[in-house]
Each structure stands twice: as C-alpha cells, then as structure tokens.
Amino acid sequence: DTTVKQNPRYKLARVGKPVNLICSQTMNHDTMYWYQKKPNQAPKLLLFYYDKILNREADTFEKFQSSRPNNSFCSLYIGSAGLEYSAMYLCASSRPRDWGYEQYFGPGTRLTVL
Amino acid sequence: AQSVTQPDARVTVSEGASLQLRCKYSSSVTPYLFWYVQYPRQGLQLLLKYYSGDPVVQGVNGFEAEFSKSNSSFHLRKASVHWSDSAVYFCAPPRTGGLSGKLTFGEGTQVTVIS
C-alpha cells in the first residue's frame, strides 16, 4: 500500500485563526514532507521530518510548525492564518536512504483563508 | 543548488497527437530524475523516474522520458495523447547534497488536450 492520506481535504479558516492539517502514511517511510502549492507555481517545500528531526526551510521558518508524534503521522500547524496562506498543502513521504528520492504524495488539503 | 527549467508553461494538443514536454536541470552531477503529474483537484502522482542505465525510461499511461547528460535534459513524451492526459506536469530532480531526499520542482507545464 503506497497511500499517503491527508485530512481534511478542504479547510476553511478565518484570518488570525490557527490551522492544523494532518498527514499519515503506513509505508514505514522515515521522511515526511510538507509542500505549499499555489496555482501556476511549483510546489514549495515548507519543511520535512527525517525520523524525529524537523527541518524547516529558511524562508518559511517562522510561518509553519510541525509535529510528528510517531513514524506514521505528521501535522502542519499555522498559528495565525493570513490570506496569503490560501493554497493547496501537499504531504509526501519517502525513504531516501533505501529507495532514492522518490516521494509519495497525498491528495492534498485545500486551505481557504477568509 | 539544483535548478530546473520547464520552458513551456502551457501546451495545447489535439487528442491523438504526440506530446513532448521539455525539462532542463542545472546540476553537472547526473542525478535521479522524476516526472510527476497533477490531475485537477488531486495531489501529485509519480509518472516515471530515472536512476541510471538506459536513458529512455518508460512510465505509466504510455509516457516515456529521455535523459541526456550532454544536454542536461529529461524530456517527457507520449506518442498519442488522450483527453484524460490534461493535467499539470512537473519535472523534479533532487536538490544536490545531503540525503534528505528533497526535490526541486519545475514550475510545471499545463497540458490541455482538445478534441
């Protein structure tokens, strides 16, 4: 089973309110990623977990937080949503040391901030 | 750092016609290379991958891609497109350095298949 699941599929949030997105995988992948995808743009890597170690991209360091309570689950947390956070959020997982760089993606969560 | 260029933002092609999407990457090191596809309202799906060996790799749904080290390219093609091939296609080589598995995505090519 190469399924990555994301919840919810659609999220409506108010400006200034927190947002929490969930991702899960059962492939025993050690690395999980979160991307932000806006129309007509490339997916933008926000952060990734290698095992229990969180790595956040420099230009989004303060905007997103994440947690990984166990190998299968990973969340993306926005403390105070702004209009600019409206986007598709994609979760992916991989096991780069064993299988190279192939990433498996979930269906995405479409976040709309009003 | 690795960079990738997909020079065609949008391509319109007739059903049954051939399709070629271009991808060029910057690294001088032969990397792994991937093509991903995003269908409307869905996440990204792996179309095909190149690790080593035969420069022509086969993917799903009749797609293939050809790696060229001399041209630093990894072009995608399909002999005869179907309306269901309408989607956005992303070329993705890994970022150089480290074992994080991070990919660098091109900006994508929007393919529209018309009847």
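For the numbers below, each heavy atom of this structure counts, side chains included, while hydrogens, waters and symmetry mates do not. Letters A, B, ... mirror the listed sequences (proteins, then strands); counts begin at 1. Everything numeric here is computed off the predicted structure, so don't read it as measured data.
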Subject >> Heavy-atom side-chain contact between B:Q45 and A:F105 under 4.5 Å >> reply: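 Contact flag for B:Q45/A:F105 side chains = no.
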
Nearest atoms (heavy-atom pairs only) where [X] meets [Y]:
X	Y	value
A:A42	B:F90	CA-CE2, 4.2 Å
A:P43	B:L44	CG-CD2, 4.1 Å
A:M88	B:Q42	CE-O, 4.4 Å

Subject >> Separation between OH of A:Y35 and CG of B:L103, rounded to the nearest 0.5 Å >> reply: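 Going from the OH atom of A:Y35 to the CG atom of B:L103 covers 4.5 Å.
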
**OP:** Output the distance between atom CD (B:Q110) and atom CG (A:N40), rounded to the nearest 0.5 Å.
**Re:**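 Answer rounded to 0.5 Å: 8.0 Å.
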
May I ask whether [X] and [Y] are part of the same hydrophobic cluster, defined by side-chain heavy atoms of I, L, V, M, F, W, Y residues being less than 4.5 angstrom apart, directly or through others?
X	Y	value
A:L47	A:Y50	no
B:W83	B:V111	no
A:I22	A:Y33	no
B:V81	B:L48	yes
B:V60	B:L19	yes

**OP:** Might you confirm whether atom CD of B:E107 has over 12 heavy atoms from other residues, nucleotides or ligands at distances under 6.0 Å?
**Re:**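 No, CD of B:E107 has 12 or fewer neighbouring heavy atoms, counting only those of other groups under 6.0 Å.
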
Subject >> Exceeds 12 heavy-atom contacts within 6.0 angstrom, atom NZ of A:K17 >> reply: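 Incorrect, the count does not exceed 12.
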
Original post:
Backbone N or O of A:Q103 within a donor-acceptor pair of the B:Y36 side chain at under 3.5 Å?
Top reply: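 Such a contact is found between B:Y36 side chain and A:Q103 backbone.
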
Original post:
So what's closer than 4.5 Å to chain B heavy atoms on A:K37: side chain, backbone, both or neither?
Top reply: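 Side chain only.
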
Original post:
Does the pair A:Q41 and B:F105 meet the rule for a side-chain contact (heavy atoms from CB on, under 4.5 Å), with working shown?
Top reply: CA-CA 9 Å; A:Q41 295 183 19; B:F105 284 92; over 6 Å; no

**OP:** Answer with side chain, backbone, both or neither: which region of B:L46 has an atom nearer than 4.5 Å to a non-hydrogen atom of chain A?
**Re:**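 The side chain, not the backbone.
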
